[in-house]
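Here is how names work: the chains are called A, B, and so on, in the same order as the sequence lines, proteins then strands, and each is numbered from 1.
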There are 2 protein chains.
Amino acid sequence: MKAANSDVSSSLQQTAEKCAITKDVLRRIGDKWSVLIIMALSEGSLRFSELARQIPDISQRMLTLTLRALERDGLVVRTVTPIVPARVDYALSALGQSLQEPVVALGRWAFTHQDEVKMAREAFDALRPDTETAIET
Amino acid sequence: MKAANSDVSSSLQQTAEKCAITKDVLRRIGDKWSVLIIMALSEGSLRFSELARQIPDISQRMLTLTLRALERDGLVVRTVTPIVPARVDYALSALGQSLQEPVVALGRWAFTHQDEVKMAREAFDALRPDTETAIET
DNA sequence: CGGCATCCTTGTAGATACTG
DNA sequence: CAGTATCTACAAGGATGCCG
């Protein structure tokens, strides 16, 4: 760990380091619901039940768990209003809003290139009808 | 589904549509290894065994499956040189290279904000020692 | 060398029922 | 209303061994 080495290996080091962190974030928001929740909250705070309605196929459990994870990472803010029945609102934090930018960038890529991907898949499947891949469609 | 409606609802429609596609892409590259492979191939093509060496903890099985999935989506190009022993090279396609841009954007976000996330987690864990979240550390 | 087959463990997620 | 608790399923992923 000599200082003299740092400029030599810094590029690769940083690259490797960034890869790991990138992988981490991608796994965090790469799950089934995080992005949908972040998108749903982009236009303002929502209550638990409103979120559940906007994301039709999510179960209460998964909504709770995903919100909890997002809250833990400081991406969403949870506000409890102590009335009966209880009212709980969720909103994006500043950090969560800043995350939106790269996420929608990825969304734009997906939208722009969706046809290329679809065609690539069809071409691949035509040649290799039942090849097992890591993620099924 | 009247045409007259399209301009009214187009914004929300497109948003919902983009969400779905974004979610799709994120799940595709949000798996454990895809990003690492894409990053590893960013500087040029690599052989199967070279990839395995650059990504120390990946199993042969997962390397094969992930490469196959990336190949199917047209992100990676597989080249077999029919000599013995066989030589197989993997490289990013143009599509794969274009994907790198938004991915490294996300990587930059992760790198920039890693401390904020870490602190948020610690603060959260301090208050709620053993809350179950969707994704464990 | 590259990769497929098999077996096995773990993680992710859904359904359902129950509580303050 | 906004969650927990429990139980179950299936898919991701790892270990190992064999093959062209």
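Here dG2(C) is the nucleotide among dG2(C), dG14(C), dC4(C) with the atom lying nearest to any side-chain atom of S49(B). Among dG13(D), dG3(D), dG2(C), the nucleotide with an atom closest to any side-chain atom of F48(A) is dG3(D). Listed nucleotides dG14(D), dG14(C), dG3(D) differ in distance to S59(A); the shortest reach to its side chain belongs to dG14(C). You'll find that the side chain of R47(B) is closest to dG2(C), out of dG2(C), dG14(C), dA2(D). Side-chain proximity of Q60(B) to dG3(C), dT4(D), dG14(D): nearest is dG3(C). For R78(A), whose side chain is taken as the heavy atoms from C-beta onward, the closest listed nucleotide among dG3(C), dA13(C), dA2(D) is dA2(D). Of the listed nucleotides (dG2(C), dA13(C), dC1(C)), dC1(C) has the atom at the smallest distance from the side chain of P85(B).
Rounded to a whole Å, the CG atom of L63(A) is 14 Å from the C1' atom of dT4(D). Rounded to a whole Å, the CZ atom of R28(A) is 13 Å from the C1' atom of dT12(C). Atom-to-atom, CG of L67(A) to P of dA2(D) comes out at 11 Å; the value is rounded to the nearest Å. Rounded to a whole Å, the CG atom of L46(A) is 11 Å from the P atom of dA2(D). Rounded to whole Å, the distance from CD1 on I55(A) to P on dG14(C) is 12 Å. Separating the CZ atom of R27(A) from the P atom of dA12(D) is a distance of 11 Å, rounded to the nearest angstrom. Atom pair I37(B):CD1 and dG2(C):P shows a separation of 14 Å (rounding to whole Å applied). Between the CG atom of L65(A) and the P atom of dG11(C) there is a distance of 15 Å, given to the nearest Å.
Remark: the backbone N or O of L75(B) is paired with a side-chain donor or acceptor of S93(B) at under 3.5 angstrom. Panel note: side chain S45(B), backbone D89(B); no donor-acceptor pair is recorded below 3.5 Å.
Between L95(B) and H113(A), the closest side-chain pair of non-hydrogen atoms falls below 4.5 Å. The closest side-chain heavy-atom distance from L106(A) to L26(B) is below 4.5 Å.
Close to dC7(D), at under 4.0 Å from its OP1 or OP2, lies no side-chain N or O of R61(A). Between R68(B) and dC4(C) there is a side-chain polar atom (N or O) within less than 4.0 angstrom of OP1 or OP2. Here K32(A) reaches the OP1 or OP2 of dG14(C): one of its side-chain N or O atoms lies under 4.0 Å away. Of the side-chain N and O atoms in Y90(B), none sit less than 4.0 angstrom from OP1 or OP2 of dC1(C).
Nearer the 5' end of DNA chain C, as judged by each residue's closest nucleotide, is the contact made by I58(A), out of I58(A) and A86(A). Nucleotides of DNA chain C nearest to R53(B) and T64(B) differ in position, and the one nearer the 5' end is that of R53(B).
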Test salt bridge (Lys or Arg N to Asp or Glu O under 4.0 Å) applied to E50(A) and R53(A), step by step
CA-CA 5 Å; E50(A) 292 173 328; R53(A) 230 166 297 127; 5.6 Å; no
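Of the charged side-chain nitrogens involved, at least one lies within less than 4.0 Å of a carboxylate oxygen, so that D31(A) and R28(A) count as a salt-bridged pair.
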